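One-based numbering along the sequence shown. The structure displayed is predicted, hence computed values, not measured ones.
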Amino acid sequence: MAIPLSKTRRHGDTLYLSGELGFAPDGTLPEGITAQTEQCLTNIEATLAKEGKSLADVISCTCYLTDPADFAAFNAVYSARFPEPFPVRTTIGCALMIDAKVEITVIAKD
């Protein structure tokens with residue numbers, strides 16, 4: 001299914017990334033919140049790298065979890081991957097449009 005969105009958009013000195021899921025490069029979705037969060041952040045890092053950026057440039061994250069009980073495991077991976085000072089963050093429990101446990105959108109400084 002074609003989804004009408006851009007992977008990244010720049011506006012002034014800000015880089016916006018569309019929501020990222022934890023799909024591996026081969027199209028598979030790892031099991032569990034830890035593996036999906038790791039892969040999701042790896043995917044975000046790859047997209048940022050294409051734009052000459054890293055996780056250190058991220059200033060804001062919006063994180064969506066399908067099971068609020070996964071918060072502690074998600075937070076452990078997240079806090080290990082982002083350098084301090086951590087981005088501002090909102091974490092929301094919700095249903096996603098695809099069978100995944102986590103989706104993350106980021107805004108980075110240019």
**Study point:** Single-linkage hydrophobic cluster, 4.5 Å side-chain cutoff, V106 and L55 together
**Key:**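 Yes, because V106 and L55 connect within a single hydrophobic cluster, where side-chain heavy atoms sit under 4.5 Å apart.
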Practice item. State yes or no: do I104 and L96 share one hydrophobic cluster built from I, L, V, M, F, W and Y residues joined by side-chain heavy-atom distances below 4.5 Å, directly or via other members? Key: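 No; L96 is not reachable from I104 via cluster members.
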Once you round to the nearest 0.5 Å, how far does [atom1] of [X] lie from [atom2] of [Y]?
| X | Y | atom1 | atom2 | answer |
| --- | --- | --- | --- | --- |
| K53 | E45 | NZ | CD | 15.0 Å |
| L15 | D57 | CG | CG | 9.0 Å |
| E103 | Q36 | CD | CD | 11.5 Å |
| L17 | S6 | CG | OG | 11.0 Å |
| T47 | K7 | OG1 | NZ | 4.5 Å |
| Q39 | T34 | CD | OG1 | 13.5 Å |

Compare every heavy atom of [Y] with every heavy atom of [X], then report the nearest pair and how far apart it is.
| X | Y | value |
| --- | --- | --- |
| S79 | F86 | O-CE2, 3.7 Å |
| A108 | L48 | CB-CD2, 4.1 Å |
| C40 | V102 | CB-CG1, 4.5 Å |
| G22 | P30 | O-CD, 3.0 Å |
| T105 | G19 | CG2-CA, 3.2 Å |
| I92 | T90 | CG1-CG2, 3.9 Å |

Non-hydrogen side-chain atoms of [X] and [Y] separated by less than 4.5 Å:
| X | Y | answer |
| --- | --- | --- |
| I98 | L21 | yes |
| D110 | R10 | yes |
| T8 | E51 | yes |

Result block: side-chain N/O donor-acceptor pairs under 3.5 angstrom for residues 59-76, not counting sequence neighbours:
residue	atom	partner	partner atom	Å
D67	OD1	A69	N	2.9
N75	OD1	R89	NH1	3.0
N75	OD1	R89	NH2	2.8

Exercise for review: Consider only side-chain N and O atoms of R81 and T42, and report whether a donor and an acceptor are under 3.5 Å apart.
Suggested key: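 Per modelled atom types, R81 and T42 side chains form a pair under 3.5 Å.
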Review point. Counting distance only, does the side-chain N/O of T28 pair as donor-acceptor with the main-chain N or O of A24 below 3.5 Å?
Key: no
Review point. Quick one: does N43's side chain have a donor or acceptor within less than 3.5 Å of a partner on F23's backbone?
Key: yes
